[in-house]
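Have a look at the structure below, then the notes.
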Amino acid sequence: MTNLNTTQLIDEKRIAARVKELGRELSLLCKDGEWTAVSVLKGSFMFFADLIRAIDADVKTEFLGVSSYGNATQSTGEVKLTLDLTSAVEGKNVLLVEDIVDSGLTMDYLAKTLRARSPKSIKTCALLFKPGALKVDVKPDYVGFEIGNEFVVGYGLDYQGYYRNLPYIAQVNNIN
Ligand code: IMP
């Protein structure tokens, strides 16, 4: 078991309020045309479940799996698709939902991969955004919270597979 020293960064109430706001904005986006919301696994599963319930429009849901950092906390720059969509997105509008944009390499890779499948449009939404850690130019279209370069866990985000079940987001003090 891991032995992390954590401090709560964003509590459940703030998360819920922000997810509702994002849901309202995305309801406006998704009310026109055919939209597919894509959850990037594993980290976005909890955010995605709350977010799509806050969207008042018809949306399909799909899931994409990508390899994570493994046991490290630094991006390797290598992104591997571990689970693919089950339906074609050609000519469809895609809303890509990520847990966090850190280096931006994952979102950049996924946006390029999906663009190659000729969707009508792609919008991106991330619960968390670390602008100070970006290595590629990919600002998400919708952001829950901007944070510093600290490593965070909870509400779907993990450290070595643990802490995803925390209902709040915590910053880790004893790893870098
Ligand atoms: P990227 O560096 O933007 O490509 O981030 C890739 C993935 O790394 C994210 O989708 C997360 O799953 C994971 N990740 C990045 N930063 C953190 C963090 O602070 N805590 C937990 N996972 C993270």
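Start at 1 and go down the list; that is how both ligands and their atoms are numbered. Hydrogens, waters and symmetry mates are skipped; everything else that's a heavy atom, side chains included, is used.
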Query raised in the report: Does any N/O atom on Phe151 come nearer than 3.5 Å to any N/O atom on ligand 1?
Result: no
Query raised in the report: Under 4.5 Å between any side-chain heavy atoms of Ser44 and Tyr155, yes or no?
Result: no
Report task. Just jot down the ligand 1 atoms closer than 4.0 angstrom to any heavy atom of Asp158, in number order. Result -> 21 (C)
Query raised in the report: If we only count heavy atoms from C-beta on, is the Lys130 to Val101 side-chain gap below 4.5 Å?
Result: no
Query raised in the report: Counting only heavy atoms, which portion of Leu157 has something under 4.0 Å from ligand 1: side chain, backbone, both, or neither?
Result: side chain
Report task. May I ask whether Ser103 has any heavy atom positioned less than 4.0 angstrom from an atom of ligand 1? Result -> yes
Query raised in the report: Under 4.0 angstrom from ligand 1, any heavy atom of Lys130?
Result: yes
Report task. Say whether, by atom type as modelled, one donor and one acceptor occur between the side chain of Glu62 and the main chain of Thr36 under 3.5 angstrom. Result -> no
Query raised in the report: Between Thr106, Val79, Ile147, Asp99, which one has a non-hydrogen atom sitting closest to atom 12 (O) of ligand 1?
Result: Asp99
Requested in this report: Check if Val153 has a non-hydrogen atom at a distance under 4.0 Å from any atom of ligand 1.
Outcome: no
Query raised in the report: Considering residues at least two apart in sequence or located in another chain, which fulfil the side-chain contact (heavy atoms from CB on, under 4.5 Å) criterion with Lys112?
Result: Asp108, Arg115
Query raised in the report: Quick one: which ligand 1 atoms are inside 4.0 Å of a heavy atom on Val101?
Result: 3 (O)
Requested in this report: Identify, with sequence neighbours excluded, every residue that meets ring-ring contact (aromatic ring centres under 6.0 Å, His included) alongside Phe48.
Outcome: Phe63
Report task. Go through ligand 1 atom by atom and flag the ones less than 4.0 Å from a non-hydrogen atom of Glu98. Result -> 10 (O)
Query raised in the report: Any donor-acceptor pair under 3.5 Å linking the side chain of Ser103 with the backbone of Leu105?
Result: yes
Query raised in the report: Would you find a donor on one side and an acceptor on the other, under 3.5 Å apart, between the side chain of Ser67 and the backbone of Lys80?
Result: yes
